[in-house]
Amino acid sequence: MQFGIFSVSDITRDPVTGVTPSEAERIDATVQIAKKTEEVGLDVFAIGEHHNPPFFSSSPTTLLSHIAALTERLIVTTATTLITTNDPVKIAEDYAMLQHLSNGRMDLMLGRGNTGPVYPWFGKDIRAGLPLALENYNLLHRLWREDVVDWEGDYRTPLQGFTATPRPLDGVPPFVWHGAIRTPEIAEQAAYYGNGFFANHIFWPTAHSLQLIEFYRQRFEHYGHGTKKQAIVGLGGQAYIAKKSQDAWSEFRPYFNEAPVYGHGPSLEDFAEMTPLSVGSPQEIIDKTLTFHDTFGDYQRQLWLMDHAGLPLKTVLNQLDLLGEEVVPVLRKELDARRDPESAPAPTHQGRVTATYGDTPPRQARPNANQGNNLAGTSPYQDTDILAGK
């Protein structure tokens, strides 16, 4: 089981102090949060992708590469990479480079995002959002597994004799999560390829997330990737923790009440009752998180949103201390005790290398001299294997 933090990179006015941090302050704070995530014993740090104020994370690969260089074991990932408005060729190359620079300590989550205007900014039509997501990933999947790709689709220019560089580290593509909150076609795509499915699990009741996850697991088994128990599921969540429960509620309330995404709506108590939002003492956070397992069964990754709504950096770092010292160790022990031995382990690069190659050395791509023209259809690499299916 992997535990971690995800950020949407919002720059929000602190309703208590009235101060809005600068972009520079928020970027620096996010790096500190990522480093703290590793320091307190968590496994994963994820950042979203946005291209408009009040968000800063327009270049996740740049930020995650920097964080990977400052950490030793932390898995860096996205939450999410926009598969609709990014060119799949650029995704293939950028994230393969991140995979090399992080020594395999990365994966990525693909999604359509939640900002409609981003489509025309990148020359896309929002009405084609779903078919764009499906077609672009179908191409990305091939670019990481075939040395030479000939391809033609509806939403970008054709490719002829194209090789994405660098090739994936050890010949093993980055692990992919498909993130969705409402779209069964995305769950179907995750299942078809045997990839992971990530349910945001923040704003919606647990029963809503359960429908998509159960559908994904059924289709995962249908496509022959393993049993439903072996499907790979991740969950989002939100938490605010204090030593005393009443302090957690009183401290978080002004931030909740003014948060752009859910302020001025249901009360904090009603929202926590209706959704996965967890507020309270460490034990209360533990208890609520265990209800996720009661509902979904074994899953492989739990991420929390903790740095949003204008919460100051000091508060977020204190939250991480409590999460790492008092919450996650108990959850690890309890969920390990509950885990079905048939369930899939959490995905890691080394685990995927071992599954692909066993005891044999993994691929190390060494290119032949060429002019960037692979129209003859042969691999431009010294080992001519096109690692199909790996």
Side-chain angles (χ1 to χ4, degrees), residues 46 49 60-61 64-65 68 75-78 80-111 132-153 155-179 186 189-198 220 223 225 232 347-357 361-367 370 372 374 377-390:
E49 178 184 348
T61 50
L64 294 176
S65 179
I75 297 170
V76 295
T77 186
T78 53
T80 60
T81 297
L82 300 180
I83 188 61
T84 45
T85 52
N86 282 299
D87 184 350
V89 170
K90 199 69 171 74
I91 293 176
E93 296 189 330
D94 284 353
Y95 285 94
M97 179 65 77
L98 176 59
Q99 187 191 33
H100 280 268
L101 293 175
S102 65
N103 196 28
R105 292 186 291 117
M106 60 77 64
D107 50 42
L108 75 160
M109 187 194 307
L110 300 176
L132 268 169
L134 299 175
E135 180 178 290
N136 282 356
Y137 179 68
N138 294 344
L139 174 55
L140 175 61
H141 184 87
R142 289 186 59 191
L143 289 167
W144 275 335
R145 289 162 174 81
E146 300 174 29
D147 284 352
V148 180
V149 173
D150 295 315
W151 178 89
E152 185 171 352
Y155 297 104
R156 76 173 317 280
T157 53
L159 297 174
Q160 188 174 9
F162 180 76
T163 299
T165 59
R167 303 308 297 149
L169 177 66
D170 299 321
V172 176
F175 185 78
V176 169
W177 302 85
H178 299 257
I186 299 301
Q189 187 180 44
Y192 178 80
Y193 287 106
N195 295 337
F197 180 72
F198 191 91
F220 182 95
Y223 287 116
H225 299 297
I232 301 171
T348 64
H349 178 72
Q350 189 53 55
R352 287 161 55 76
V353 169
T354 300
T356 302
Y357 295 98
R363 183 192 198 196
Q364 301 300 327
R366 293 179 171 85
N370 70 87
N374 304 317
T378 58
S379 170
Y381 289 90
Q382 293 177 24
D383 62 344
T384 57
D385 297 333
I386 300 178
L387 304 169
K390 294 184 179 179

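Reckoned from all heavy atoms, side chains included, excluding hydrogens, waters and symmetry mates.
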Verdict with reasoning, R366 to D383, per salt bridge (charged side-chain N to carboxylate O under 4.0 Å, His left out): CA-CA 7 Å; R366 293 179 171 85; D383 62 344; over 6 Å; no
Does the side chain to side chain contact (heavy atoms under 4.5 Å, CB included) test come out yes or no for R156 and L139, once each step is laid out? CA-CA 10 Å; R156 76 173 317 280; L139 174 55; 3.6 Å; yes
Test log, rule side chain to side chain contact (heavy atoms under 4.5 Å, CB included), inputs R105 and Q99: CA-CA 7 Å; R105 292 186 291 117; Q99 187 191 33; over 6 Å; no
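- Here F220 pairs with Y216, H225 under the ring-ring contact (aromatic ring centres under 6.0 Å, His included) rule; sequence neighbours left out.
- The shortest non-hydrogen separation linking A190 to G196 is CB-O, 3.7 Å.
- If you run side-chain contact (heavy atoms from CB on, under 4.5 Å) between L64 and each of L108, L98, L101, only L98 comes through.
- Between F175 and I232 there is a side-chain heavy-atom pair separated by less than 4.5 Å.
- Residues L110 and N195 have side chains not in contact (no heavy-atom distance under 4.5 Å, counting atoms from C-beta outward).
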What do the steps show when you test Y223 against Y193 for ring pair (Phe, Tyr, Trp, His ring centres under 6.0 Å), and what is the final call? CA-CA 8 Å; Y223 287 116; Y193 287 106; 9.0 Å; no
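- By the 4.5 Å heavy-atom criterion applied to side chains, W144 and Y95 are counted as neighbours.
- The salt bridge (Lys or Arg N to Asp or Glu O under 4.0 Å) test applied to R167 returns D147, not counting sequence neighbours.
- The ring of F198 has its center no closer than 6.0 angstrom to the ring center of H178.
- Judged as a side-chain hydrogen bond (donor to acceptor under 3.5 Å, both in side chains), and not counting sequence neighbours, Y155 has no contacts.
- Of all heavy-atom pairs spanning D170 and Y357, the tightest one is O-OH, 2.9 Å.
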